[in-house]
Amino acid sequence: MDAYEKIMSLAKRRGFLYPSYEIYGGEAGFYDYGPLGILMKNNIENKWREFYLLKEKFFEISTPVITPYDVLKASGHVDEFIDEIATCKKCGASFKVEELKEGKCPLCGGDVEKGKLNLMFETYIGAKKKEQAFLRPETAQGIFVDFPLLYEFFRKKMPFGVIQIGKGFRNEVSPRQGIIRLREFSMAEAEIFFEPDNKKHENFDMVKNEEMLLVTDNDEELKISIEKAVEKGMIGNEALAYYMAITKNFLTSVGIDEKKIRFRQHKKDELAHYANECWDAEIYSERFGWVECVGIADRAAHDLEAHMNATGVDMRAFKKYDEPIKVKKKIIKAKMDALGKTFKQKAKKIREELEKMKINDEVEKIKVTVDGEEIELDREFFTIEEVEETETGKKFIPHVIEPSYGIDRIFYFILEHNYKETEKEGENYVLLTLPPEIAPVKAGVFPLVNKDGLPEIAREIEEELRKNGIMAIYDDRGSIGRRYARMDEIGTPFCITVDYQTKEDGTVTIRYRDTTEQIRVDKKKVAEWIKERIV
RNA sequence: GCGGGCGUGAUCUAGCUGGUUAGGAUGUGAGCCUUCCAAGCUCAAUGCCCGGGUUCGAAUCCCGGCGCCCGCACCA
């Protein structure tokens, strides 16, 4: 068995992960989080909140999974996410329809079979009048469509960030490798809105010396501080670099091995349809090699612009200049008397169109479109005047930087990086060295023996810990060594044992998981002692 | 999606050239024992992925489905 098989076996045996719908034969691409799994996953997500909600001072929202057709049409997902594919009947290779040569297989010239490769789950809204919809392929769009209200919420101050943790759905062609590639997965995304020409971060100095392993889009691999990477133009801007550093800090804080993290830049041809620049945080796995777990993308104005074009709703922000500036510009003025005579009722609409147009030079003729009809106007119907206006600021479509985390993959790699096998008296011994904050159970509470009032004291301690919000498990079955082993295997960082000395001086032993070292602590202080170590 | 391998209690596995009650280990539960690292004893529960076929008889052979793993493709 290799590490992956051992971990998946442990995960199933001890309640971290179960294959979904197993009694019905299972369903590829779906996994259940078991009792311990969900505790750990929640801990990971809460740690993530600690970074983005508390430290970055962002806010979290929660938007629907079911997304109307129009939203994903505008964002580009409908066109980019559903591919028409062709499979060669002769050699079995698959292609995009555009790649075909005269309808034949470009490799062997064989006949092909066309089909739709739809990566989004389709559904319908409403029982009677059915409106097409999809399960969201990313949580981001829910944030983008709320932009005008969020902009108000943040009192129009940029930059600001909005996060969302939730499920995303992709109908993968062949999901595999446990929870590495799921059809329904958990993602944590932050959308940070910037002024396009100011992608700086106020705390950049705090992380600028962070050394990162980078793989650039021309396959150059190097270790470099993020400050230098920005200076040399490898990373497009400070904000992108800053969130790369934050990502690395987050990953190490949840138990990912620092040496097994690198950032790889997407090549031009692998960039998603919405991204200008993208760096993936990849995590190294013995079994799978480097695997993408976080994508940090500069989405520029793509999404807000798309939704603005689709709906006509103003998705722009306003930036006030330090000093109002006076600008000279040319404007078009409609001559209503001439227009009225010639175009009658249409004259008003023509004026509206004319005055919307921007112009830099003198022109003799202008075309406008009114009610689908194209009308050419010469100078008899308009004048061009130069005016001086005072501008107090400008409107712009914000740019978005998006760190997007695949929680399930991170979950797996935490298990892989912390799975330790040692020997104990010739026997194989398994230990999960999870960070205390991430461990599903924080403390095991044991009576050394099941008599003389020891169990009662241990029960009291368990209750006390739980009252303090600490996940503690009481266990009196089997030998003390077996109980330690059970806790070590699920990564419980501390075990508390009540012994005869407890009855004399009120102290209990606390055993450290990784060293098996023991100390004595007053039983009244145990909750506090643990609390200090799990936040 | 294509090709290959595999599918036995919760886990790991023996059996798979067809033939008694499918064996073991780990784990689990109950009881005993136990003064700190998977000790021991007794008892117990839980299994041949699903469906069809061949056969007197199928965990075993054949077909289909599902699942898992690997390679190719896919992974915006």
Side-chain angles (χ1 to χ4, degrees), chain A residues 1-2 4-6 8-15 18-30 34 72 75-83 85-96 107 113 115 117-120 137-138 168 170-178 180-183 185 266 269-275 278 280 287-288 291-292 295 297 406 423-431 446-452 454 476-489 495-503 508-513 515-518:
Chain A
M1 277 214 279
D2 75 351
Y4 170 77
E5 285 168 323
K6 286 177 185 167
M8 292 309 279
S9 161
L10 169 77
K12 189 174 181 187
R13 201 158 31 85
R14 301 308 307 271
Y18 303 141
S20 293
Y21 312 110
E22 198 185 21
I23 64 166
Y24 282 88
E27 195 65 56
F30 299 91
L72 293 164
S75 70
H77 287 86
V78 169
D79 297 318
E80 300 289 332
F81 223 82
I82 298 178
D83 282 336
I85 58 148
T87 308
C88 177
K89 289 181 194 166
K90 208 168 151 192
C91 69
S94 307
F95 309 93
K96 294 185 177 171
L107 286 185
E113 195 168 25
L117 184 66
N118 188 343
L119 258 21
M120 288 198 287
E138 57 173 4
R170 293 174 198 182
N171 209 348
E172 294 283 356
V173 180
S174 58
R176 247 178 231 181
Q177 303 159 337
I180 301 291
R181 220 160 151 201
L182 293 171
R183 289 189 163 123
F185 51 94
H266 278 207
D269 60 355
E270 68 176 311
L271 282 171
H273 64 272
Y274 51 70
C278 184
D280 281 346
R287 169 83 167 236
F288 304 115
V291 177
E292 169 198 352
E423 281 219 344
K424 220 169 208 179
E425 284 157 33
E427 245 188 300
N428 193 31
Y429 195 87
V430 173
L431 190 63
F446 317 140
L448 186 59
V449 289
N450 287 323
K451 56 185 181 188
D452 303 328
L454 267 42
D476 63 9
R477 305 304 307 180
S479 70
I480 193 82
R482 183 178 296 268
R483 287 177 250 163
Y484 286 143
R486 272 197 283 259
M487 287 298 162
D488 286 345
E489 202 185 20
C495 288
I496 294 139
T497 302
V498 173
D499 57 15
Y500 285 99
Q501 196 181 327
T502 309
K503 290 174 77 176
V508 294
T509 66
I510 299 182
R511 167 193 179 267
Y512 289 90
R513 175 194 62 202
T515 61
T516 75
E517 182 198 338
Q518 291 186 7

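A, B, ... follow the sequence lines: proteins, then strands. Residue 1 opens every chain.
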Interatomic distance at P, B/rG27 relative to B/rG40, whole Å: 9 Å
Among the nucleotides B/rC12, B/rA38, B/rC36, which one has an atom lying closest to any side-chain atom of A/Leu448? B/rC36
A/Thr516 has its side chain closest, among B/rU35, B/rC37, B/rA38, to B/rC37
Over all strands shown, is A/Arg183 touching base, sugar-phosphate only, or nothing at heavy-atom distances under 4.0 angstrom? nothing
Give me the atom names and distance for the closest heavy-atom approach of A/Ala275 to A/Ala297. CB-CB, 4.2 Å
Rounded to whole angstrom, note down the C1' distance from B/rA59 over to B/rG51. 16 Å
Would you say the base of B/rC37 and the side-chain of A/Arg513 have a donor-acceptor pair closer than 3.5 Å? no
If I pick the C1' atom on B/rG1 and the same atom on B/rA25, what distance separates them, to the nearest angstrom? 41 Å
Write down the distance separating the P atoms in B/rU34 and B/rC41, rounded off to the nearest Å. 16 Å
Nucleotide of B/rA39, B/rC74, B/rU34 approaching A/Arg181 most closely (side-chain heavy atoms): B/rC74
Applying the Watson-Crick and G-U wobble criteria at under 3.5 Å, what pairs with B/rU42? Answer none if nothing qualifies. B/rA30
With RNA chain B as reference, determine whether A/Thr497 or A/Glu27 sits nearer its 5' end, using the nearest nucleotide of each. A/Thr497
C1' atom, B/rG47 versus B/rG9: distance in rounded Å? 4 Å
Looking at every strand, decide which applies to A/Gln177 at a 4.0 Å heavy-atom threshold: base, sugar-phosphate, or nothing. sugar-phosphate
Taken to the nearest whole Å, CD1/A/Ile23 to C1'/B/rC66 is 14 Å
Between C1' of B/rG1 and CG of A/Asn171, the distance in whole Å: 13 Å
Should the heavy atoms of other residues, nucleotides or ligands under 6.0 Å from OH of A/Tyr512 be counted, would the total exceed 12? yes
Base B/rC36 paired with A/Tyr484 side chain (donor-acceptor, <3.5 Å): yes
Could you tell me which non-hydrogen atom of A/Glu138 sits nearest to which non-hydrogen atom of A/His77, and how far apart they are? OE2-CE1, 3.2 Å
Grab the CG-P distance between A/Leu431 and B/rA38 for me, whole Å please. 13 Å
Taking atom types as they are modelled, would you say the side chain of A/Arg486 forms a donor-acceptor pair with the base of B/rG27 within the 3.5 Å cutoff? no
Toward the 5' end of RNA chain B, which comes first, A/Ala272 or A/Glu517, by nearest nucleotide? A/Glu517
Please state the P separation for the pair B/rG64 and B/rC69 - nearest whole angstrom. 22 Å
Residue A/Ile480, side-chain heavy atoms: nucleotide from B/rU34, B/rU11, B/rC36 that is nearest: B/rC36
Nearest-angstrom distance, P atom, B/rG65 to B/rU55: 23 Å
Just how far, in rounded Å, is C1' of B/rA25 from CE of A/Met1? 13 Å
So what's B/rG1 paired with, Watson-Crick or G-U wobble, going by both distances under 3.5 Å? B/rC72
Between the main-chain N or O of A/Tyr500 and the side-chain N or O of A/Asp452, is there a donor-acceptor pair closer than 3.5 Å? no
Can you say whether a donor on the side chain of A/Arg511 sits under 3.5 Å from an acceptor on the base of B/rC37, or the other way round? yes
For B/rC66, what is the paired nucleotide under Watson-Crick or G-U wobble rules, both distances under 3.5 Å? B/rG7
Rounded at 0.5 Å granularity, tell me how far CD in A/Gln518 sits from CD1 in A/Ile510. 10.0 Å
Candidate nucleotides B/rC37, B/rU35, B/rC74, ranked by approach to the side chain of A/Val173 - the nearest: B/rC74
Candidates B/rA39, B/rC12, B/rA73 - which lies nearest the side chain of A/Ser479: B/rA39
Integer angstrom distance from the P of B/rA10 to that of B/rU42: 25 Å
May I ask you to say what A/Asn450 touches in the nucleic acid, namely base, sugar-phosphate or nothing, with a heavy-atom cut-off under 4.0 Å? base
Check whether any side-chain nitrogen or oxygen of A/Arg477 sits under 4.0 Å from OP1 or OP2 of B/rG31, and answer yes or no. yes
Establish, with yes or no, whether the OP1 or OP2 oxygen of B/rA39 is under 4.0 angstrom from a side-chain nitrogen or oxygen of A/Arg482. yes
What is the distance from CG of A/Asp476 to P of B/rU28, rounded to the nearest Å? 13 Å
Any-strand Watson-Crick or G-U partner of B/rU21, both distances under 3.5 Å: none
What is the distance from CE of A/Met120 to P of B/rC74, rounded to the nearest Å? 20 Å
Would you check if the side chain of A/Glu5 reaches a backbone N or O of A/Asp2 as a donor-acceptor pair within less than 3.5 Å? yes
Let's test this: given Watson-Crick or G-U wobble pairing with both distances under 3.5 Å, identify the partner of B/rG47. none
Looking for any heavy atom pair under 4.0 Å, which part of the strands does A/Gly76 touch: base, sugar-phosphate only, or nothing? nothing
Between B/rU46 atom C1' and A/Arg13 atom CZ, what is the distance in whole Å? 16 Å
Applying side chain to side chain contact (heavy atoms under 4.5 Å, CB included) between A/Phe446 and each of A/Thr509, A/Val498, A/Thr497, A/Val508, report the one that passes. A/Thr497
Which part of the nucleic acid, if any, lies within contact of A/Tyr4, taking any heavy atom under 4.0 Å across all strands shown: a base, the sugar-phosphate backbone alone, or nothing? sugar-phosphate
Donor-acceptor contact below 3.5 Å, side chain A/Arg483 vs main chain A/Pro447: yes
Applying a 4.0 Å non-hydrogen cut-off, can you work out what A/Ser174 is touching in the nucleic acid: base, sugar-phosphate, or nothing? base
Give one of base, sugar-phosphate or nothing for A/Pro19, where a contact means two heavy atoms less than 4.0 Å apart. nothing
Pick base, sugar-phosphate or nothing for A/Tyr24, based on heavy-atom distances below 4.0 Å to the nucleic acid. nothing
Donor-acceptor pair, A/Arg513 side chain versus A/Asp488 backbone, under 3.5 Å? no
Looking only at side-chain N and O atoms, does A/Lys12 come under 4.0 Å of OP1 or OP2 in B/rA10? no
Suppose we call a contact any N or O donor and acceptor under 3.5 Å apart; does that hold for the side chain of A/Thr509 and the base of B/rC36? yes
What is the distance, to the nearest angstrom, from the CZ atom on A/Arg287 to the C1' atom on B/rG71? 13 Å
Among the nucleotides B/rG71, B/rU11, B/rC12, which one has an atom lying closest to any side-chain atom of A/Arg176? B/rG71
